[in-house]
Amino acid sequence: MKKRNDYIDWTTYFLAMVELNAMRSKDPNTQVGAVVVNDLNHIIASGYNGLPRGLSDDNFPWAREGNWEETKYPYVVHAESNAILSATTSVRGCIMYTSQFPCFECAKIIVQSGIQTVIYSDNKYENTIKDDVAKKILKTAKVNLIYKEAVKVNIIKK
């Protein structure tokens, strides 16, 4: 008997993990997930967009518009940053899988942490100034950027 040939590749596997991580986000508009993988294909960190540890999701705003301090933007930590910050070992030389192309703030953290490759499945801000800045940061630092189509994960809820 031979092994089966219809198993999923590593990229598909990790992009599915990213989608599961995104499902943990409490953000009503945007759910993003990320995983950091080492050269042995071991997940060494994961994250999703949400409030910093210890802050109640019920006591902070989730609005996208209004006075800046009354929106989610000054409070939410992005999935990519959360993954890097939650790593218990160095992420230098690793691959980051993310469901959304990193913003310019996360791009700086990715470069500073030494991640070598970012594989992403969406870029909703493509062709904007902020996206151009993020790409400039990552490309200048020689971070490999790879787009792969999103993996849809169906979770049956009871």
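The figures here come from the full heavy-atom set of this structure, side chains too, leaving out hydrogens, waters and symmetry mates. What you are looking at is a predicted structure, and each value in this text was computed from that prediction instead of being measured.
Hydrophobic clustering of Ile, Leu, Val, Met, Phe, Trp and Tyr side chains at less than 4.5 Å, counting indirect connections, keeps Val35 apart from Ile115. Linking Ile, Leu, Val, Met, Phe, Trp and Tyr whenever their side-chain heavy atoms come within less than 4.5 Å leaves Tyr73 and Phe104 in two separate clusters. Placement of Val18 and Tyr147 in two distinct hydrophobic clusters is found when ILVMFWY residues are connected by side-chain heavy-atom separations under 4.5 Å, directly or transitively. Both Val133 and Val143 belong to a single network of hydrophobic side chains, linked directly or stepwise wherever heavy atoms of I, L, V, M, F, W or Y lie under 4.5 Å apart. Ile137 is connected to Tyr120 through a chain of hydrophobic side-chain contacts under 4.5 Å among Ile, Leu, Val, Met, Phe, Trp and Tyr, so both are in one cluster.
More than 12 heavy atoms of other shown residues, nucleotides or ligands fall within 6.0 angstrom of atom NZ in Lys124. The 12-atom threshold is exceeded at CD of Glu69, counting heavy atoms of other residues, nucleotides or ligands nearer than 6.0 Å.
Taking 4.5 Å as the limit, some side-chain heavy atom of Asn123 sits within range of a side-chain heavy atom of Tyr125. Taking the side chain as every heavy atom from C-beta outward, Asp27 and Tyr48 never approach each other to under 4.5 Å. In this structure the side chain of Ser86 reaches within 4.5 angstrom of the side chain of Arg53, judged on heavy atoms. Here the side chains of Thr11 and Leu15 are in contact, with some heavy-atom distance below 4.5 Å.
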(message) Determine whether Cys103 and His78 satisfy the following criterion, side chain to side chain contact (heavy atoms under 4.5 Å, CB included), listing intermediate values before the conclusion.
(response) CA-CA 9 Å; Cys103 73; His78 289 182; 3.3 Å; yes
(request) Before giving the answer on side chain to side chain contact (heavy atoms under 4.5 Å, CB included), spell out for Lys135 and Glu126 the whole-Å C-alpha distance, their side-chain angles and the decisive distance to 0.1 Å. (result) CA-CA 10 Å; Lys135 284 180 179 165; Glu126 191 156 23; 3.4 Å; yes
(request) Dump the intermediate steps for side chain to side chain contact (heavy atoms under 4.5 Å, CB included) on Val91 and Met96, then the final yes or no. (result) CA-CA 9 Å; Val91 299; Met96 173 175 279; over 6 Å; no
(message) Working note: Trp62 + Val76, criterion side chain to side chain contact (heavy atoms under 4.5 Å, CB included); need CA distance, chi angles, decisive distance, verdict.
(response) CA-CA 9 Å; Trp62 290 101; Val76 171; 3.7 Å; yes
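Using bins of under 30°, 30° to 60° and over 60° for the plane-to-plane angle, the ring pair Tyr97/Phe14 lands in the tilted bin.
Rounded to the nearest 0.5 Å, atoms OG (Ser99) and CE (Met23) are 10.5 Å apart. Taking CD of Glu65 as the reference point, atom NZ of Lys72 lies at 10.5 Å (rounded to 0.5 Å).
Figure legend: Lys26 and Phe60 shown without cation-pi pairing, the cationic atom not lying both under 6.0 angstrom from the six-membered ring centre and within 45 degrees of its axis.
Put simply, the side chain of Asp9 gets close to the backbone of Thr12: a donor and an acceptor are under 3.5 Å apart.
Between Asn21 and Gly33, the shortest heavy-atom distance links the atoms CB-CA, 4.0 Å.
Applying side-chain hydrogen bond (donor to acceptor under 3.5 Å, both in side chains) to Ser25 and the options Thr30, Asn49, Asp57, Asn82 leaves one that passes, Asn49. Screening Val32, Val118, Leu138, Asp122 for a side chain to side chain contact (heavy atoms under 4.5 Å, CB included) with Phe101, the sole residue that qualifies is Leu138.
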